[in-house]
Participant: 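Here it is, the structure in full.
Values below: every heavy atom of this structure, side chains too, minus hydrogens, waters and symmetry copies. Note on naming: letters A, B, ... go to the chains in the order of the sequence lines (proteins, then strands), and numbering restarts at 1 for each one.
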Amino acid sequence: MNAEQIADILDDMGTLLEIRGENPFRCRAYHNAASSLKSVTGNLATMVADGTLTEIPGIGASMMTKIAQLATSGQCTEYEALKVELPTGLLDLMRVPGLGAKKIKVLRDTLNITSVADLRKAATENLIADIKGFGAKTQTKILEGLDFLDTAGTRMLQHTARKIVTPILKAVSEHPDVIRSSLCGSLRRRAETIGDLDILVSTNHPQQFLADMAARPEVVQIIAHGDTKLSVRLNQGAQCDIRAVTDAQFPFALNYFTGSKLHNIAMRKRAIARGLKLSEYGLESDDGTATVCRDEADIYKALGLDYIPPELREDTGEFALSEAGAIPKLIETQDLTGCFHNHTDWSDGDHTLEQMAEAAMTKGWKYLGISDHSRAAAYAGGLSIEKVQEQWAKIDKLNESYGGKFRIYKGIECDILTDGSLDYPDEVLAGFDFVVASIHSGFGLDHDAQTSRLIKAVENRYVTMLGHPTGRLLLARAGYPVDLDAVISACARTGTMIEINASPYRLDLDTPHCRLAAQRGVMISINPDAHAIYGLDDVEYGVGLARRAGLSADQVLNTFDDQKVSELLNSKRDRT
DNA sequence: GCCGTTTTCGGCCCGACTGTTTTCAGTCG
């Protein structure tokens with residue numbers, strides 16, 4: 001069982017304990033441990049064996065015992081006992097808006113409700129309104145919540161969230177009563193997937209502003225509407241929270257509503273340690289003296305910290321960096337000089353070589369790396385060796401026509417076959433400027449076989465970079481089982497780069513492994529995997545992920561000038 | 001259950017909104 005699966009079980013255990021009515025701090029300890037475990041990149045088995053797991057914050061002796069059991073056998077005595085006592089259908093009830101552990105416990109104790117189906121039946125039969133502490137409105141809310149769960153997914157991709165929030169943000173910023181406004185929450189932190197949309201404004205007329213927002217056409221349901229906070233459901237099913245504060249409060253509120261939750265807790269604890277109290281409204285000392293902060297940077301400064309960019313605010317080491325004055329200068333989209341891993345109509349792309357190159361030039365880029373599919377990817381129009389040579393000739397011609405002002409790099413997205421060999425012989429691979437090696441088949445191999453397959457592939461001297469290393473599709477498909485830690489080590493050893501596949505559907509590498517790879521000296525390439533000219537814009541999502549991983553421009557291949565990029569592309573084959 | 005730059009015991013972030021209550025508990029972020 002891997003770290004992520006174990007983290008999910010610890011989360012479930014924490015929730016079941018809440019429903020049982022345990023000490024809330026003990027319950028939270030399980031959630032904290034789960035959260036820590038999710039950012040672990042090292043080999044879990046090793047950490048269990050040598051006891052280093054307890055060095056991770058939030059994991060003590062007791063948690064380690066449970067994690068060790070789960071890691072080796074996939075089971076844990078206490079979890080099994082909990083599942084017997086409390087049906088796991090109760091966990092699904094936590095997803096119903098308005099229901100928490102306390103209410104779920106009451107529902108189970110009074111009506112023996114232990115599943116979503118039980119709940120719907122009881123609410124439909126009007127049994128819930130009579131329970132002490134509940135009522136008609138709560139019952140209606142539960143039914144609405146159940147309908148919502150039926151129709152909407154729980155999280156959305158970043159580009160979906162952006163599409164929904166952009167017109168609202170525009171309306172907010174143009175509202176006459178608004179002084180400052182900003183996107184907050186996980187979208188501002190550029191998290192891989194988004195739960196809801198958060199918008200903050202400063203204004204002197206909060207009630208009027210919130211009333212205007214509540215009346216907007218895309219609002220289909222008001223979830224909560226107070227003097228400073230409005231929570232609505234939009235017609236696409238997404239929840240949007242809008243908060244209004246005074247302009248003096250704005251930086252504090254911006255910091256607070258950007259999160260993450262763990263980052264906020266660390267911030268408040270830091271304030272307490274300095275005899276201060278931090279909230280979304282200000283920073284005060286015990287005697288009530290307020291510290292004036294004009295922007296977020298002032299808040300960090302007041303707590304003895306350098307500014308921490310939103311993408312790093314996950315409490316995964318950013319405080320130590322900030323204290324040490326070592327927050328890196330994070331990569332920005334303007335740093336990109338071009339990009340690799342793009343498809344054309346030679347395989348399954350929509351646009352021609354010329355159109356793709358022109359789109360890249362329009363973005364101010366100096367080069368574009370084309371990598372259509374290799375022959376094994378027949379479903380995607382993979383290129384035969386003859387076609388490859390034909391494309392090379394075409395690219396040579398185009399490059400000549402650009403007169404040195406722009407360059408197309410000849411590449412291929414070469415399938416890694418089941419045995420770890422590549423889809424073309426080395427003599428053909430040698431003719432490309434770069435080779436992206438990816439898995440598109442054989443997802444069913446077991447953990448060890450998949451790991452050796454990938455390691456064998458990156459050991460090929462012509463493989464420049466590894467493409468979408470886990471094959472995951474966000475919210476749709478988990479990655480294949482693989483020891484990424486070992487694969488990253490193999491890349492570091494062989495001088496193979498790894499791509500951040502910047503497609504918002506993939507974002508593969510994930511953040512913790514991207515950080516790990518960079519720390520081990522692996523060069524990262526931010527690749528849009530574009531299948532059309534507009535797909536080139538997806539580099540933006542890759543930049544977001546790179547920033548979350550703490551990468552600066554010099555750790556990313558496609559920020560260098562054309563000459564340096566060529567050198568880097570050749571460095572692996574030149575050294576072997 | 002975890003943790004220690006005042007603590008190995010006694011804390012553990014904190015405020016808005018809602019619905020059900022007669023002053024507050026639960027949920028949410």
Side-chain angles (χ1 to χ4, degrees), chain A residues 10 13-15 17-19 21-37 53-67 78 93-107 128-142 144-145 184-186 189 194-200 206 210 214 222-232 239-245 249 252-253 255-284 304 315 323:
Chain A
L10 293 181
M13 290 179 75
T15 306
L17 290 170
E18 283 173 54
I19 295 172
E22 284 289 333
N23 175 337
F25 297 107
R26 184 178 167 222
C27 303
R28 193 186 300 167
Y30 282 81
H31 297 301
N32 289 343
S35 159
S36 289
L37 205 53
L53 202 58
T54 53
E55 288 169 16
I56 295 168
I59 296 177
S62 167
M63 284 295 172
M64 183 161 101
T65 309
K66 296 181 180 77
I67 293 168
E78 274 157 287
L93 296 178
M94 289 292 285
R95 290 173 48 231
V96 180
L99 283 191
K102 300 268 170 58
K103 282 209 169 84
I104 291 171
K105 177 172 162 50
V106 173
L107 288 170
I128 289 176
D130 294 336
I131 305 174
K132 185 168 157 51
F134 287 63
K137 281 199 174 177
T138 305
Q139 181 170 275
T140 308
K141 244 190 157 165
I142 286 173
E144 284 173 1
C184 300
S186 53
R189 300 199 312 278
I194 307 299
D196 63 5
L197 308 168
D198 295 290
I199 296 173
L200 174 73
L210 291 179
I222 310 276
I223 298 165
H225 187 170
D227 288 344
T228 63
K229 177 182 162 181
L230 170 70
S231 188
V232 297
Q239 182 173 326
C240 180
D241 293 340
I242 304 179
R243 275 110 164 170
V245 296
Q249 293 166 338
F252 301 100
N255 191 246
Y256 182 72
F257 294 125
T258 296
S260 66
K261 189 177 170 186
L262 291 178
H263 182 87
N264 288 348
I265 290 171
M267 287 288 276
R268 290 190 172 189
K269 282 184 178 166
R270 235 187 132 77
I272 291 168
R274 284 170 168 66
L276 300 167
K277 199 184 93 164
L278 176 66
S279 78
E280 54 264 55
Y281 304 115
L283 181 62
E284 279 185 5
D315 196 19
E323 267 178 0

Participant: Taking protein heavy atoms under 4.0 Å as touching, what does nucleotides 1-11 of chain B look like 5' to 3' if B marks base contact, S marks sugar-phosphate-only contact and - marks none?
Facilitator: BSS--------
Participant: OP1 or OP2 of dC28(B) sitting under 4.0 Å from any side-chain N/O of Ser231(A)?
Facilitator: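 For dC28(B), OP1/OP2 do not have a side-chain N/O of Ser231(A) under 4.0 Å.
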Participant: Could you tell me which residues satisfy side chain to side chain contact (heavy atoms under 4.5 Å, CB included) with Lys103(A), sequence neighbours excluded, listed by chain and number?
Facilitator: Leu99(A), Phe134(A), Thr138(A)
Participant: Using a cut-off of 4.0 Å on non-hydrogen atoms, how would the nucleic acid contact of Asn32(A) be classed: base, sugar-phosphate, or nothing?
Facilitator: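 Nothing, no heavy atom under 4.0 Å.
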Participant: Where do Ala34(A) and Leu10(A) come nearest, in terms of heavy atoms and distance?
Facilitator: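 Of all heavy-atom pairs spanning Ala34(A) and Leu10(A), the closest is CB-CB, 4.0 Å.
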Participant: Return no unless some side-chain N or O of Lys277(A) is found under 4.0 Å from OP1 or OP2 of dG15(B).
Facilitator: yes
Participant: Counting any heavy atom closer than 4.0 Å, what does Lys261(A) reach on the DNA or RNA strands: base, sugar-phosphate only, or nothing?
Facilitator: base
Participant: Could you pull out the closest heavy-atom pair between Leu262(A) and Ser35(A), with the gap in Å?
Facilitator: CD1-OG, 2.9 Å
Participant: What distance, rounded to whole Å, do you find between the two C1' atoms, one in dG29(B) and one in dC13(B)?
Facilitator: 12 Å
Participant: When rounded to the nearest Å, what value does the distance between C1' atoms of dT6(B) and dG11(B) take?
Facilitator: 13 Å
Participant: Tell me the partner of dC3(B), counting only Watson-Crick (N1-N3 plus N6-O4 or O6-N4) or G-U wobble (N1-O2 and O6-N3) with both under 3.5 Å; none if nothing fits.
Facilitator: dG10(B)
Participant: Determine the minimum heavy-atom distance between Ser36(A) and Ile56(A), stating which atoms define it.
Facilitator: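 Looks like CB-CG2, 3.7 Å.
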Participant: So, is Tyr281(A) close to the dC14(B) phosphate, meaning a side-chain N or O under 4.0 Å from OP1 or OP2?
Facilitator: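 Result: no.
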Participant: Quick one: does Tyr256(A) reach the base of dG29(B) with a side-chain donor-acceptor pair under 3.5 Å?
Facilitator: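 Indeed, a donor on one side and an acceptor on the other fall under 3.5 Å apart.
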Participant: When you measure from the side-chain N and O atoms of Thr228(A) to the phosphate of dC17(B), is any distance below 4.0 Å, counting only OP1 and OP2?
Facilitator: yes
Participant: Quick one: OG on Ser231(A) to CD1 on Ile222(A), what's the gap to the nearest 0.5 Å?
Facilitator: 9.0 Å
Participant: Quickly, which of His31(A), Lys105(A), Arg28(A) forms a side chain to side chain contact (heavy atoms under 4.5 Å, CB included) with Glu18(A)? Name it, please.
Facilitator: His31(A)
Participant: Measure from CE on Met94(A) to P on dG29(B) and round the result to the nearest Å.
Facilitator: 11 Å
Participant: Identify, between Arg28(A) and Asp227(A), the residue whose nearest nucleotide on DNA chain B lies closer to the 5' end.
Facilitator: Arg28(A)
Participant: Measure CG/Leu107(A) against P/dG26(B) and give the value in whole Å, please.
Facilitator: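 Computing the Leu107(A):CG to dG26(B):P distance gives 13 Å.
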Participant: Scan Ala129(A) against the nucleic acid and name what it touches under 4.0 Å (heavy atoms): base, sugar-phosphate only, or nothing.
Facilitator: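 Answer is nothing: Ala129(A) stays at 4.0 Å or more from every strand.
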Participant: Can you tell me the distance, in whole Å, between the CG atom of Asp241(A) and the C1' atom of dA16(B)?
Facilitator: 11 Å
Participant: As a test of reading the structure: which of dC17(B), dG29(B), dC14(B) is closest to the side chain of Arg268(A), going by heavy atoms?
Facilitator: dC14(B)
Participant: Quickly work out the Leu278(A) CG to dC13(B) P distance and round it to whole Å.
Facilitator: 13 Å
Participant: Return whichever of Ile223(A) or Val96(A) has its heavy-atom-nearest nucleotide of DNA chain B closer to the 5' end.
Facilitator: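 So the residue in question is Ile223(A).
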Participant: Which of the following nucleotides, dT27(B), dC12(B), dG29(B), is nearest to the side chain of Gln239(A)?
Facilitator: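 Selected nucleotide: dG29(B).
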Participant: Starting at atom CZ of Arg243(A), determine the distance to atom P of dG29(B), rounded to an integer number of angstrom.
Facilitator: 8 Å
Participant: Among all residues two or more places apart in sequence or in another chain, which pass the side chain to side chain contact (heavy atoms under 4.5 Å, CB included) test with Ala266(A)?
Facilitator: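 Only Asp315(A), Phe319(A) meet the side chain to side chain contact (heavy atoms under 4.5 Å, CB included) criterion with Ala266(A).
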Participant: Which heavy atom of Ala244(A) sits nearest a heavy atom of Pro206(A), and at what distance?
Facilitator: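 Taking Ala244(A) first and Pro206(A) second, the nearest heavy atoms are CB-CB, 3.8 Å.
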Participant: Nearest-Å distance, CD1 (Ile242(A)) to C1' (dA16(B))?
Facilitator: 15 Å
Participant: Taking the P atom of each, how far is dT27(B) from dT20(B), in whole Å?
Facilitator: 13 Å
Participant: Without decimals, in angstroms, what is the distance between Glu144(A) CD and dG19(B) C1'?
Facilitator: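 Going from Glu144(A) (CD) to dG19(B) (C1'), I get 14 Å.
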Participant: Ignoring hydrogens, what is the shortest heavy-atom contact between Gln239(A) and Asp196(A)? Give both atom names and the distance.
Facilitator: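 Heavy atoms only, the tightest pair is O-CB, 3.3 Å.
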Participant: In whole angstrom, what separates Leu200(A)'s CG from dG29(B)'s C1'?
Facilitator: 13 Å
Participant: Suppose you measure atom P in dC12(B) against the same atom in dC17(B); what distance do you get, rounded to whole Å?
Facilitator: 25 Å
Participant: Suppose you measure atom P in dA16(B) against the same atom in dT21(B); what distance do you get, rounded to whole Å?
Facilitator: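 My reading of the P atoms in dA16(B) and dT21(B) gives 24 Å.
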